[in-house]
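Notes for the one structure printed next.
In this text, all values refer to a predicted model and were calculated from it rather than measured experimentally.
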Amino acid sequence: MESMASAIGVSVAVLRFLLCFVVTIPVSFFHRFVPGRPTARHLYAAATGAILSYMSFGFSSNLHFLVPMLLGYASMVLCRKYCGIITFFMAFGHVYYMSGDAWKEGGIDATGALMVITLKIISCVINYNDGLLKEDDLREAQKKNRLLKLPSVLEYMGYCLCCGSHFAGPVYEMKDYLDWTERKGIWQDTKTGLSPSPYWATFRALFQAALCMGLYLYLVPHYPLSRFTEPVYQEYGFWKRLSYQYMSGFTARWKYYFIWSISEASIIISGLGFSGWSDSNPRKPRWDRAKNVDILGVELAKSSVQIPLVWNIQVSTWLRHYVYERLIQKGKKPGFFQLLATQTVSAVWHGLYPGYIIFFVQSAIMIAGSRAVIYRWQQASQTALFKKLLDLLNFAYTLLVLNYSCVGFLVLSLHETLTAYGSVYYIGTIIPVAVILLGKVIKPARPARSKARKDE
């Protein structure tokens, strides 16, 4: 493996991970044909996930996974009334092991998979906790995902490790996993077998993965992260520094697009990614449960508010259901506190690195500026031309602040983050703060529609 790794310019550990990661596709495919009762499928899901973890990260990885898994299950058995809150804080103990520096330097370890497992454990336990609550007090997502009965140990293990899906996600619900394994709901067997066919969607995801990796390998030598601390970067003018920040973020994103495209292919071909049929005629299968990123949606986002809807989609959905919505008091509207708390949880989940924390606080301010000010002006606009100008302004605002902010996510250290931000005079911090303050002083007129309603 050493010769193969050196030939493609990666470490042996990364090559081993990539091979095991790609193998999740055929492993997931064969899950469709496991004979017998659901018990056999749960056993196959758990066993293949554990074997792939061992082959990729070594024996210790499964021990790291097993500890939070057992703690989560024990809390459901011993203290159902408080198991959700107990597990939420205990499971986040994984941050002690986070190794962002290894990822930054091109290495790999089991902590990325541990991040995914952490979210799975928490959602399962909280949904079991929700099973005690009255249905009238629950949101729609809680009603759909709550668990009335304790999953068996085998069901729980299969869910957490399913065919290696814990390597890079996507995160999905225990209720969906059980229905898929037991062939219930939208996964019920038909006379012709499992429906619909996953093959074209799988091929499309693999083709996308190949394009993403090709573009990443082409770009990454031209835009190394190490340049932010090199003297040559300090010699650049303001606009060149700003464009370099954009290109470094743009380059890094293709690595994530590649990883998520492979995981999307794996979940689709297993059948678990199926989420129902479209309303079009003829109707087409939807694979939303497998989708973790909308590439064009990220790169051409018209507003910062759209970013969580198109980037790391399943984790954003998890954060909305298990953090953001649960912090909203009944009868009140969400505000900046809920947004900041959600982004802070996301930062801690990634690891206790200054770059992560700064990035997610920055992103909360970025979204608040776009949502509270620019969006309101767009809604209040009376002329088509002014509305288009605001659309363009919101697009430019998102492009600038997002790519400025993501430098912290990439370089991680406080010194490198502040050096990169300071090199462009903190423009990506000043602008969103200024936009928010401007919105406090100059408030747009209410849309005509709102006035009409008030008159009625």
Side-chain angles (χ1 to χ4, degrees), residues 20-52 116-117 119-120 123-124 127 144-145 147 151-152 154-209 259-280 282-293 313-315 317-318:
C20 290
F21 188 43
V22 172
V23 168
T24 62
I25 297 173
V27 167
S28 298
F29 172 71
F30 287 120
H31 186 283
R32 302 169 65 89
F33 306 103
V34 175
R37 297 172 62 82
T39 301
R41 299 188 196 110
H42 290 305
L43 183 60
Y44 177 86
T48 53
I51 292 169
L52 287 170
V116 177
I117 287 179
L119 299 190
K120 286 186 173 186
S123 63
C124 177
N127 287 325
K144 177 181 176 293
N145 298 320
L147 300 170
S152 70
L154 185 58
E155 288 170 342
Y156 179 72
M157 293 292 183
Y159 162 71
C160 290
L161 300 174
C162 183
C163 303
S165 62
H166 60 295
F167 276 14
V171 179
Y172 45 82
E173 301 291 350
M174 170 64 93
K175 191 85 173 286
D176 292 331
Y177 168 78
L178 292 175
D179 285 349
W180 168 66
T181 305
E182 297 168 11
R183 306 298 188 248
K184 293 180 179 178
I186 60 174
W187 290 282
Q188 283 184 339
D189 288 336
T190 65
K191 292 180 180 178
T192 56
L194 280 179
S195 179
S197 170
Y199 303 118
W200 169 246
T202 301
F203 172 77
R204 186 175 56 197
L206 289 173
F207 182 70
Q208 178 176 283
I259 292 291
W260 287 331
S261 296
I262 292 291
S263 65
E264 183 177 338
S266 177
I267 296 297
I268 288 174
I269 204 166
S270 72
L272 177 56
F274 179 56
S275 54
W277 297 91
S278 68
D279 296 327
S280 61
R283 62 179 191 165
K284 296 178 180 179
R286 291 177 19 240
W287 303 97
D288 300 338
R289 193 172 287 103
K291 196 172 184 64
N292 228 353
V293 69
I313 296 169
Q314 304 306 328
V315 170
T317 302
W318 188 96

Legend entry - Interatomic spacing from CD1 in I186 to OG in S275 - rounded to 0.5 Å: 6.5 Å
Inset, instruction - Measure across V116 and S165 and return the closest heavy-atom pair with its distance rounded to 0.1 Å. - result: CG1-O, 4.3 Å
Inset, instruction - Specify the closest pair of heavy atoms between G49 and H166, including all atoms of both residues, with the distance to one decimal. - result: O-CE1, 3.5 Å
Inset, instruction - Output yes when a side-chain donor or acceptor of D176 lies under 3.5 Å from a complementary backbone atom of L272, and no otherwise. - result: no
Inset, instruction - State the CZ-CD1 distance between F167 and I117, to the nearest 0.5 angstrom. - result: 9.5 Å
Inset, instruction - Can you see which heavy atom on S261 is nearest to which on Q208, and at what distance? - result: OG-NE2, 2.8 Å
Inset, instruction - State, yes or no, whether a side-chain contact exists between V34 and H42 at a heavy-atom distance under 4.5 Å. - result: no
Inset, instruction - Using the side chain to side chain contact (heavy atoms under 4.5 Å, CB included) rule, pick out the option among L178, L43, L154, T181 that qualifies with P38. - result: T181
Inset, instruction - Using the side chain to side chain donor-acceptor pair (under 3.5 Å) rule, pick out the option among Y159, Y172, Y156 that qualifies with K120. - result: Y172
Check residues 23-31 and write down every donor-acceptor pair under 3.5 Å in which the side-chain atom is one partner and the other belongs to a residue at least two apart or another chain.
from : atom 1 : to   : atom 2 : distance (Å)
T24  : OG1    : F21  : O      : 2.5
S28  : OG     : T24  : O      : 2.7
S28  : OG     : S266 : OG     : 2.8

Inset, instruction - Could you tell me whether the side chain of K291 and the main chain of I313 form a donor-acceptor pair under 3.5 Å? - result: no
Inset, instruction - Enter the distance from L206:CG to E264:CD here, rounded to the nearest 0.5 Å. - result: 9.5 Å
Inset, instruction - Over all heavy atoms of both residues, which pair between R32 and P196 is shortest? Give the atoms and the distance, please. - result: NH2-O, 4.3 Å
Inset, instruction - Could you pull out the closest heavy-atom pair between S197 and W287, with the gap in Å? - result: O-CZ2, 3.7 Å
Inset, instruction - Could you check if a side-chain atom of Y177 sits within less than 4.5 angstrom of a side-chain atom of C124, using non-hydrogen atoms only? - result: no
Inset, instruction - Mark yes or no for whether W187, through its side chain, and D179, through its backbone, hold a donor-acceptor pair below 3.5 Å. - result: no
Inset, instruction - Output yes when a side-chain donor or acceptor of W318 lies under 3.5 Å from a complementary backbone atom of V171, and no otherwise. - result: no
Inset, instruction - Mind telling me whether W277 and F274 have parallel, tilted or perpendicular rings, with 30° and 60° as the class edges? - result: perpendicular
Inset, instruction - Any chance you could lay out the side-chain contact (heavy atoms from CB on, under 4.5 Å) test for M174 and L147, step after step, and finish with the verdict? - result: CA-CA 8 Å; M174 170 64 93; L147 300 170; 3.8 Å; yes
Inset, instruction - Report yes if some heavy atom in the side chain of S123 is under 4.5 Å from a heavy atom in the side chain of E173; otherwise report no. - result: yes
Legend entry - Carboxylate-amine/guanidinium contact R286 D279, below 4.0 Å: no
Legend entry - R41 side-chain N/O to E182 backbone N/O, donor-acceptor pair under 3.5 Å: no
Inset, instruction - Could you check R289 against I267 for side-chain contact (heavy atoms from CB on, under 4.5 Å), going step by step and ending with a plain yes or no? - result: CA-CA 8 Å; R289 193 172 287 103; I267 296 297; 5.6 Å; no
Inset, instruction - Check I268 against A201 and note the closest heavy-atom contact, atom names and distance. - result: CG2-CB, 3.8 Å
